[in-house]
Every structure is written in C-alpha cells, then in structure tokens.
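Contents: one structure, followed by commentary.
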Amino acid sequence: MRFANHVESNPDRISGVGIAIQGILSPDRSKIQYGKLLQHTGLNTADLTRYIPYPCFTEHDSKAAAFAEIWNQPQLSDAVVFLLNKNLGSALVIHGEVHQGKSMHSGTIEHMCIVPDGKPCYCGGKGCLETYCSAESLQNQIQGNSFEAFFQSVREHDPSSNAIWEAYLSKMAAAIRNVNTVMDSDVILSGFLVPYLTTEDLEFLKQKITSLPFFAERDIHIQLGKHGEFAPAIGAALPFVRRTIDEI
C-alpha cells in the first residue's frame, strides 16, 4: 500500500494487486486449501485482501513464477518450471498456460518421492524432492557457509562441495527424467538459486538425464529463468497487465 500510494502516476490508474503465496488455493480462489508453510490452511483469501483498496489476484507462488518466465516466450508452448527458492516449487505449462488441475494441485513436483523412506517432508511424506533440492535443504548441508562461498568452492573444485552439489543436481535430474516420462517438454529453472548456476551445471543435468538408453535420444532443453527469486511477485502482477492489453 505504501508503494501504491507513492507511485508517481495517479493511484486510480493502478489495475490491481497480485499476491503470490506459498499455499494451494481452492478452485474458486476463495481460500487457502493447503497452507502448511503459511500455517494458515483454510484461511479465506478475503482476509489477505480486505485492507487493499484495489482489485486483487492471489496465486500459488510457483505457478506465478511460471507465468512470469513464459510471459516473454510466446513460442514456448509446453514447459516444466522449477522454482529453486527457500522451499522448492514447480509448475506445468501446457499450450502456453499454467496448468492448475481440477483441484489446483497440478504441477506440485516438489512432492514427488525421489528417495523412498527418505528425509521427512513438511507435507507428511518422506523422500520428497523438496527435502533434497530446495535452497533450504542445500543451506542445511553447507554448514553455515554463505551460498556465495559455497559456490565459489564448487567452481574451485573443492571435493566436499562438489560432492554436495553433484548430489543436488543428480536428484534434480532424476525428477526431470521422471516428469519427462509424462510430459516431454522444455525445462525452466527459476528462483533464488538460478544466478549461481552455470552452463556446466546444465550440461551435467542433461548428461544425467540422458544417461539411460530410454532417454538418450530425447531433446531436453533446460534453460535458466530471467527473474530470479522475484519471479513469483512479477508473475502475480502479470494477469492485470494481460487484462489491460486484452482491453486495448
């Protein structure tokens, strides 16, 4: 609100406010039907917006990020988007649109089981991709070092850092390979960790994915997102931009 009230343009020209949340919305977007990270499962979205005097749009953060990443890529019809933030997120893009599913749970690849009976996840399961490939899971392994220091040691080929990072990429490759059996599409890596990734990392992922004969001939294109950790905020605002463009 402080930002909206201080923009140079007339506040009456503000189209609306987009809100990206770490929670799965009900199909009618009236409440958060699963919000373990927010500790607010069942919260009415009206409680989030009641003091905002503009039209509001609420979206799951990873789906908002996916919308941001494909906004400037009209040629990209289908894609799988991974949001590499503190908590891992993901989304499916089909025919240029973010896929929601009948109960809004489509694309929650972060809860795909990668290691049976593995690390416990906040969702109640074990071995979810979230527990191995979120930025928080990586932070827990680097013993208090900053991400800058950790990735510098990776690029300097420190054996212990390399082992941690290659294990991370191997789990991500396994998830991409699993998803590819269902949805043969491009992959976009978005979020906080993206600025630390290199072309060598992407090549490592591709080699891991295509190491099995069944996947050897697949053309799996992996690209880095353009918006980093702020992709969800940008994506949550874009529906208002789209509406304005459609009305021109």
Side-chain angles (χ1 to χ4, degrees), residues 1-74 76 79-101 103-110 135 188-195 224-248:
M1 285 304 303
R2 286 194 297 268
F3 170 78
N5 291 333
H6 286 83
V7 292
E8 294 182 3
S9 62
N10 186 336
D12 291 338
R13 298 179 61 188
I14 295 175
S15 298
V17 175
I19 303 173
I21 63 170
Q22 288 184 291
I24 296 176
L25 298 165
S26 60
D28 65 359
R29 299 181 184 274
S30 65
K31 69 177 182 179
I32 301 171
Q33 64 173 322
Y34 184 81
K36 183 65 177 286
L37 292 175
L38 296 174
Q39 298 183 3
H40 276 300
T41 294
L43 179 71
N44 292 327
T45 53
D47 293 331
L48 296 174
T49 62
R50 66 173 59 185
Y51 299 112
I52 302 176
Y54 303 103
C56 294
F57 175 77
T58 309
E59 182 59 281
H60 188 235
D61 61 343
S62 56
K63 291 175 180 175
F67 190 45
E69 298 296 2
I70 66 171
W71 177 256
N72 293 315
Q73 301 190 69
L76 193 62
V80 178
V81 181
F82 290 92
L83 181 63
L84 311 182
N85 278 354
K86 176 184 176 182
N87 293 105
L88 187 67
S90 51
L92 302 179
V93 178
I94 300 176
H95 300 316
E97 298 290 340
V98 177
H99 191 261
Q100 299 287 357
S103 60
M104 306 291 277
H105 282 72
S106 184
T108 51
I109 304 165
E110 61 269 27
I188 301 175
L189 303 180
S190 181
F192 172 77
L193 289 179
V194 165
L224 300 180
K226 308 296 185 184
H227 303 294
E229 64 180 308
F230 299 110
I234 296 170
L238 284 175
F240 294 103
V241 178
R242 171 185 274 184
R243 183 182 303 168
T244 299
I245 293 174
D246 290 344
E247 292 174 351
I248 294 176

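When every heavy atom of G96 is checked against every heavy atom of I70, the shortest pair comes out as O-CD1, 3.4 Å. Of all non-hydrogen atoms in P27 and S103, the two that sit nearest each other are CG-CA, 4.4 Å. The two residues T41 and K36 make their nearest non-hydrogen contact at OG1-N, 3.8 Å. Of all heavy-atom pairs between A66 and A91, the closest is CB-CB, 3.7 Å. Annotation for A64 and A236: closest pair CB-N, 3.7 Å, computed over non-hydrogen atoms. Across every non-hydrogen atom of A20 and P232, the tightest pair is CB-O, 3.6 Å.
Within the 4.5 Å cutoff, no side-chain heavy atoms of W71 are placed close to those of H227. Considering only heavy atoms from C-beta on, V98 stays 4.5 Å or farther from L92 through its side chain. Using a 4.5 Å cut-off on side-chain heavy atoms (C-beta onward), S15 and Y54 make no contact. Here the side chains of Q22 and N87 are in contact, with some heavy-atom distance below 4.5 Å. With a 4.5 Å cut-off on side-chain heavy atoms, F67 and P239 count as touching. Side-chain atoms of I188 and L76, non-hydrogen and from C-beta on, do get closer than 4.5 Å to each other.
A distance of 9.5 Å separates CG of N44 from OG1 of T49, quoted to the nearest 0.5 Å. Here the CD1 atom belonging to I52 is positioned 11.0 Å from the CD1 atom belonging to I14, to the nearest 0.5 angstrom. If you take OG on S190 and CZ on F230, they are separated by 11.5 Å, rounding to the nearest 0.5 Å. The CD1 atom of I24 lies 3.5 Å from the NE2 atom of H105; values are rounded to the nearest 0.5 Å. From L83, atom CG reaches atom NE2 of H60 across 9.0 Å, with rounding to the nearest 0.5 Å. The distance from atom CD1 of I19 to atom CG of D61, rounded to the nearest 0.5 Å, is 13.0 Å.
Counting only distance, with no hydrogens or angles, the side chain of Q33 and the backbone of L25 share a donor-acceptor pair below 3.5 Å. Side chain of S26 to backbone of K31: a donor-acceptor contact under 3.5 angstrom is found. A donor-acceptor distance shorter than 3.5 angstrom exists from the side chain of D28 to the backbone of S30, with no hydrogens or angles considered. Under a 3.5 Å cut-off, the side chain of K63 and the backbone N or O of M104 do form a donor-acceptor pair. Between the side chain of E97 and the backbone N or O of V93 there is no donor-acceptor pair closer than 3.5 Å. N85 contributes no side-chain N or O that, together with a main-chain N or O of G191, makes up a donor-acceptor pair within less than 3.5 Å. For the pair R29 (side chain) and F57 (backbone), a donor-acceptor distance under 3.5 Å is absent.
A side-chain donor from one of E110 and S90 sits under 3.5 Å from a side-chain acceptor of the other. Between the side chains of Q100 and S106, no donor-acceptor pair of N or O atoms lies under 3.5 Å.
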